[in-house]
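Working notes, structure below.
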Amino acid sequence: MRRGAARGAVTVVSPELIRAHATLQRGSHFLGLGLGGPGAAPRAIEGRYRAKVIGNGLRELDRFLNLLVGETARCRGITLPGGERNTANKLARLRHALRVPDPDHARLVALGRSRNCLFHCAGTVRRGDGDGEAVMTTGWHGEGGGLRRVPVGAELVLSPAELSEICLFYRDIADRLLAEARGPTNGTP
C-alpha cells in the first residue's frame, strides 16, 4: 500500500489538477517563447535585468510544478509533507510512493541552482554543486548531450534555444504527471 494512500482508493482527476497542468503548460510555453504571446516566434530575452527575468521565470515554472505535484498526490490519495517547497524532493517523494522511476531529480536540482544563480547573482556563478567544488551543473544540456557545467566565476548564459529546451522539459514532466495521476502505476494493487 502506498504511504498515505487509502487501500482501494479511487483515482480522481480533479479540476484543480487539470488547472495546475494547464498553468504549467501555459507558463512554460510563454517563457519558452522569450515571454512571447500565442503564435510568437522564440526570441531572446535581453536587457539589463535579463538574468533576473529568466531566473524569475524559472522560479514561476518551479512553483507551478510544485502545485501540480501536490495535486497529483492528492488525486492519488498520497499524503506528502505539508509545506514542502523543494520541488525536486517533493516529486521524488511522490514518485517513490507511486513506485515509478524519477529520472528528473538531478536535473530539477541543477535547475534550482541555476535559477538561484540567475535571480540572485545576476548570472555569475558564485559556488559549485557542493562544498569546495569548482563547477556548477546547469539544468540544460551542453555539448555531448550531458548537462552543461560552468566554472565558478563564469557567467551563466543560456540561449533562447536552451531556454526553450528547459520549458519543454517542464511540459514533459507535466504531461507525465497527468498520466501518473490518472492511472495505475508500477507496484499498485
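Nearest heavy atoms, S114 versus W140: CB-CZ3, 3.7 Å. For C167 against G32, the heavy-atom pair with the smallest separation is SG-N, 3.3 Å. Here the shortest heavy-atom pairing between L17 and A181 reads CD2-CB, 3.6 Å. Across all non-hydrogen atoms, the minimal contact from R107 to G139 is NE-O, 2.8 Å. Among all heavy-atom pairs drawn from G55 and R115, the shortest one is O-CG, 3.4 Å. Residues H21 and A174 come closest through the heavy atom pair CD2-O, 3.2 Å.
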Distance-only criterion, 3.5 Å: show the donor-acceptor pairs between side-chain atoms of residues 66-73 and protein atoms not counting sequence neighbours.
residue : atom : partner : partner atom : Å
N66     : OD1  : K90     : NZ           : 2.8
N66     : ND2  : E84     : O            : 3.3
N66     : ND2  : R85     : O            : 3.4
N66     : ND2  : T87     : OG1          : 3.1
E71     : OE1  : R74     : NE           : 3.2
E71     : OE1  : R74     : NH2          : 3.0
T72     : OG1  : L68     : O            : 2.8

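Not counting sequence neighbours, R63 has no partner by the side-chain hydrogen bond (donor to acceptor under 3.5 Å, both in side chains) test.
Linking Ile, Leu, Val, Met, Phe, Trp and Tyr residues whenever their side-chain heavy atoms come within less than 4.5 Å places F64 and F30 in a single cluster. Under a hydrophobic clustering in which Ile, Leu, Val, Met, Phe, Trp and Tyr are joined whenever their side-chain heavy atoms come within less than 4.5 Å, directly or via other members, V150 and V152 fall into the same cluster. A continuous path of hydrophobic side-chain contacts links L61 to I18 [ILVMFWY only; heavy atoms under 4.5 Å]. L147 and M136 sit in two unconnected hydrophobic clusters of ILVMFWY residues. Membership requires side-chain heavy atoms under 4.5 Å apart, directly or through other members. Under the 4.5 Å side-chain heavy-atom criterion for Ile, Leu, Val, Met, Phe, Trp and Tyr, V109 and V125 are members of distinct hydrophobic clusters.
Residues H96 and R93 form no side-chain contact, since every pair of their non-hydrogen atoms from C-beta on lies 4.5 Å or further apart. Within the 4.5 Å cutoff, no side-chain heavy atoms of H105 are placed close to those of L91. Between E162 and R148 there is a side-chain heavy-atom pair separated by less than 4.5 Å. You'll find the side chain of P103 reaches within 4.5 Å of the side chain of R95, heavy atoms only. Side-chain atoms of L24 and Y170, non-hydrogen and from C-beta on, do get closer than 4.5 Å to each other. Using a 4.5 Å heavy-atom threshold, the side chains of L108 and L65 count as touching. For the pair L94 and L177, the minimum side-chain heavy-atom distance is below 4.5 Å. The shortest side-chain heavy-atom distance between I54 and F119 does not fall under the 4.5 Å cut-off.
Put simply, CG on D104 and CD1 on I173 are 4.0 Å apart, with the number rounded to the nearest 0.5 Å. In this structure, the separation between SG on C117 and CD on E155 is 8.0 Å, given to the nearest 0.5 Å. A distance of 7.5 Å separates CZ in R19 from OG in S14, rounded to the nearest 0.5 Å. To the nearest 0.5 Å, atom CG of residue L156 and atom OG1 of residue T138 are 6.5 Å apart. Note that CG of L31 and CD1 of I166 are 8.0 Å apart. Values are rounded to the nearest 0.5 Å. Within the model, atoms CD of E180 and SG of C75 stand 12.5 Å from one another, a figure rounded to the nearest 0.5 Å.
By the 4.0 Å N-to-carboxylate-O rule, R176 lies close enough to D172 to be salt-bridged with it.
For residues 126-136, the set of pairs meeting the side chain to side chain donor-acceptor pair (under 3.5 Å) definition, not counting sequence neighbours, comprises R113-D129, D129-T137, D129-R149.
N56 places no side-chain N or O within donor-acceptor distance of the main-chain N or O of K52, the cut-off being under 3.5 Å.
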